[in-house]
K.L.:
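Pasting in a structure now, in C-alpha cells, and then I'll have a few things to ask.
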Amino acid sequence: YDPGATVRTNQAGTTYSPTAPTAVGTYNYKVTALQDKYCTAVAANIASTGSIEIKANPTVTATNNGPICAGQPLNLTATGTGASYSWTGPGSFSSALQNPTRNPSTTAMAGVHTVTATLNGCTATATTTPVINAVPATPTVTVTTPCEGAALTVTTPVVTGATYTWTTPDGFAPGNVNTFPRASATTAMNGAYSVTITTNACTSPAGSATATVNPVPAAPIVPAQDLEYCVGETATAFQATALAGHTLQWYTAATGGTAVTTAPTPTTTASGTFVRYVSQKSAAGCEGPRATITATIFANPTVTATATPA
C-alpha cells in the first residue's frame with residue numbers, strides 16, 4: 001500500500017510506477033482487480049500484494065596521516081557504517097581493506113584517494129588527498145684547508161626555505177646557516193663537518209666533508225757553522241735544516257719580502273755584517289717563523305814594514 005499513490009484504473013497489462021518513497025523502511029503494495037468501476041472483486045485469485053524495502057545508504061569519511069615525507073608509510077582511514085570498503089588511488093592503487101597502508105610512500109601518491117563503502121547493496125563514497133613532501137637531497141659540503149691561525153670556512157649550497165643542522169668535530173655550533181668561518185683555526189678543528197637540511201618537515205640524509213687544518217712549522221734549525229770572515233775571504237753558503245717535506249725560504253728582511261730557495265753566501269768585499277732570515281714551508285704551503293743568521297766580516301789588519309840601514 002503506497003499511501004502517496006493515486007488509484008489507477010483500467011490499467012490491465014500496463015506498468016505502474018508509483019511515487020518513490022524517500023524514507024528508509026518497508027512499503028507494502030496491493031493490486032486488486034475490479035469487476036467494474038465501482039465494485040471490488042471478491043475472488044482471492046484476483047488480488048496480489050507485495051512490499052518494497054528502502055534501505056539506508058552507508059556513511060563514510062576518508063582521512064589520511066599527511067602531511068608526511070616520501071618514504072614514510074601513507075595510512076588511509078575510512079570511518080563509517082559500511083560492511084565492506086574499496087579504495088582506489090594514484091598509481092593504479094586499489095585495496096579492499098578498510099584502512100590500508102601504502103609503504104613506502106612516494107610523491108607520486110599525493111593525489112586523490114577514493115573509498116567506496118558498501119552496505120546491503122547500497123554504496124557511498126568519500127575522498128582524501130594526502131600531502132607527501134619530497135625529502136631533500138643529500139647536501140654537499142666543502143671545507144677549506146687553511147694553515148693554523150688562518151680561517152677555516154665550511155659551506156653547503158643554499159636551499160630556499162631550508163633549516164641547516166650542523167655537527168662539528170669539536171662541538172662547535174654555527175647555528176642555522178649554510179656557511180660559516182672559524183677564525184684562528186687550530187688542528188683541534190680537524191675532522192668531519194656534517195649537515196642535514198630540512199624543508200617542509202622533511203630532513204635530508206647527512207652530507208659531510210673532512211677538514212684538515214695544517215700545522216705551521218717552527219723556525220728551521222741553524223747548525224753551528226763558520227760565521228766569521230775576513231775581508232776578501234771566500235765564504236760558504238749559509239746552512240739551515242728543514243723538516244722532511246719542507247723547503248727553506250730565505251729572505252733579506254725579518255718580515256715581508258720575496259723568498260728565494262737558494263741559500264745565500266755572505267759577501268766579504270767589505271767589513272761589517274751580512275744578515276739573512278730563513279723559514280721553512282710545508283708541502284701544504286704553511287710557512288713558519290724566521291730564524292736569523294748573521295755573518296761578521298772583519299777588516300784585515302794593516303802592517304807597515306820598514307828597513308833600517310846597517
Side-chain angles (χ1 to χ4, degrees), residues 59-80 82 84-117 124-146 151-183 185 188-213:
T59 61
V60 63
T61 57
T63 57
N64 67 83
N65 63 324
I68 60 173
C69 302
Q72 295 177 331
L74 169 60
N75 299 324
L76 302 169
T77 302
T79 304
S84 63
Y85 296 86
S86 175
W87 285 90
T88 59
S92 301
F93 171 71
S94 63
S95 175
L97 297 175
Q98 180 177 352
N99 303 312
T101 296
R102 303 187 70 178
N103 188 30
S105 64
T106 68
T107 54
M109 298 176 186
V112 176
H113 287 68
T114 302
V115 62
T116 301
T125 61
T127 62
T128 184
T129 304
V131 174
I132 303 174
N133 294 310
V135 174
T138 302
T140 58
V141 179
T142 57
V143 294
T144 57
T145 54
L152 166 66
T153 302
V154 184
T155 303
T156 191
V158 172
V159 176
T160 302
T163 299
Y164 304 87
T165 303
W166 290 93
T167 301
T168 61
D170 58 349
F172 174 72
N176 179 26
V177 293
N178 78 295
T179 184
F180 59 94
R182 303 198 65 182
M189 298 177 187
N190 286 349
Y193 287 75
S194 301
V195 66
T196 59
I197 59 176
T198 301
T199 59
N200 297 318
C202 298
T203 300
S204 72
S208 66
T210 300
T212 300
V213 178

K.L.:
For Ser208, check side-chain contact (heavy atoms from CB on, under 4.5 Å) against everything at least two apart and list the hits.
P.N.:
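For Ser208, the residues satisfying side-chain contact (heavy atoms from CB on, under 4.5 Å) (neighbours in sequence not counted) are Ser194.
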K.L.:
Enumerate the residue pairs fulfilling salt bridge (charged side-chain N to carboxylate O under 4.0 Å, His left out) with a member in residues 157-177, sequence neighbours excluded, ordered by first and then second residue.
P.N.:
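Those involving residues 157-177 are Asp170-Arg182.
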K.L.:
What pairs of residues pass the side chain to side chain donor-acceptor pair (under 3.5 Å) test when at least one of them lies in residues 69-78, not counting sequence neighbours?
P.N.:
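Every pair satisfying side chain to side chain donor-acceptor pair (under 3.5 Å) with a residue in residues 69-78: Asn75-Thr101.
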K.L.:
Where do Pro104 and Met109 come nearest, in terms of heavy atoms and distance?
P.N.:
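Taking Pro104 first and Met109 second, the nearest heavy atoms are O-CE, 3.4 Å.
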K.L.:
Please report the interatomic distance OG1(Thr79) to CG(Asn99), rounded to the nearest 0.5 Å.
P.N.:
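Nearest 0.5 Å value for the OG1-CG distance: 7.0 Å.
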K.L.:
Please enumerate all residues that pass side-chain contact (heavy atoms from CB on, under 4.5 Å) together with Ser95, with sequence neighbours excluded.
P.N.:
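Per chain and number, Ser95 pairs via side-chain contact (heavy atoms from CB on, under 4.5 Å) with Trp87, Phe93, Leu97, Pro100.
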K.L.:
Please identify each residue that fulfils side-chain contact (heavy atoms from CB on, under 4.5 Å) with Ala209, with sequence neighbours left out.
P.N.:
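Counting only residues at least two positions away or on another chain, Ala209 forms a side-chain contact (heavy atoms from CB on, under 4.5 Å) with Val141, Val143.
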K.L.:
What is the minimum heavy-atom distance between Gly111 and Pro90, and which atoms define it?
P.N.:
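The pair with the smallest heavy-atom distance is CA-CG, 3.7 Å.
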K.L.:
Atom CG of Leu74 and atom CG of Asn103: how far apart are they, to the nearest 0.5 Å?
P.N.:
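The CG atom of Asn103 is 9.0 Å from CG of Leu74, to the nearest 0.5 Å.
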K.L.:
The criterion is side chain to side chain donor-acceptor pair (under 3.5 Å); which residues satisfy it with Thr198, sequence neighbours excluded?
P.N.:
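Scan of Thr198 (side chain to side chain donor-acceptor pair (under 3.5 Å), adjacent residues dropped) gives Thr203.
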K.L.:
How many angstroms lie between atom OG1 of Thr107 and atom CD1 of Ile132, to the nearest 0.5 angstrom?
P.N.:
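The distance works out to 7.5 Å.
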K.L.:
Could you grab the distance from atom CD of Gln98 to atom OG of Ser86, nearest 0.5 Å is fine?
P.N.:
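One gets 12.5 Å once the value is rounded to the nearest 0.5 Å.
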K.L.:
Can you list the residues that meet the salt bridge (Lys or Arg N to Asp or Glu O under 4.0 Å) rule with Arg102, with sequence neighbours excluded?
P.N.:
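Once residues adjacent in sequence are excluded, Arg102 has no partner under the salt bridge (Lys or Arg N to Asp or Glu O under 4.0 Å) criterion.
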K.L.:
Tell me the closest heavy-atom pair linking Ser105 and Cys69, and the distance in Å.
P.N.:
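The pair with the smallest heavy-atom distance is OG-O, 3.5 Å.
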K.L.:
Given Val115 and Leu76, is the side-chain contact (heavy atoms from CB on, under 4.5 Å) satisfied, shown in steps?
P.N.:
CA-CA 9 Å; Val115 62; Leu76 302 169; over 6 Å; no
K.L.:
If I compare all heavy atoms of Ala137 with all of Ile197, which pair ends up nearest, and what's the gap?
P.N.:
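For Ala137 versus Ile197, the nearest heavy atoms are O-CD1, 4.1 Å.
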K.L.:
For Pro169 and Met189, work out which heavy atoms get closest and say how close.
P.N.:
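Taking every non-hydrogen atom into account, CG-O, 3.5 Å.
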K.L.:
Applying side-chain contact (heavy atoms from CB on, under 4.5 Å), can you list everything that pairs with Thr88, at least two apart in sequence or on another chain?
P.N.:
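Once residues adjacent in sequence are excluded, the partners of Thr88 under the side-chain contact (heavy atoms from CB on, under 4.5 Å) criterion are Thr114.
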K.L.:
According to the side chain to side chain donor-acceptor pair (under 3.5 Å) rule, which pairs have a member within residues 124-140, sequence neighbours left out?
P.N.:
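Found Asn64-Thr128.
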K.L.:
Could you list the donor-acceptor pairs under 3.5 angstrom formed between side-chain atoms of residues 173-180 and any protein atom two or more places apart in sequence or on another chain?
P.N.:
from, atom 1, to, atom 2, distance (Å)
Asn176, OD1, Tyr164, N, 2.7
Asn178, ND2, Thr156, O, 2.8
Thr179, OG1, Val154, O, 3.0
Thr179, OG1, Thr155, OG1, 2.8

K.L.:
Which atoms form the tightest heavy-atom contact between Ala117 and Val60, and what is the distance?
P.N.:
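Nearest pair, atom of Ala117 first, then Val60: CB-CB, 3.8 Å.
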K.L.:
To the closest 0.5 Å, what do you measure between CG (Asn200) and OG1 (Thr163)?
P.N.:
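Going from the CG atom of Asn200 to the OG1 atom of Thr163 covers 10.0 Å.
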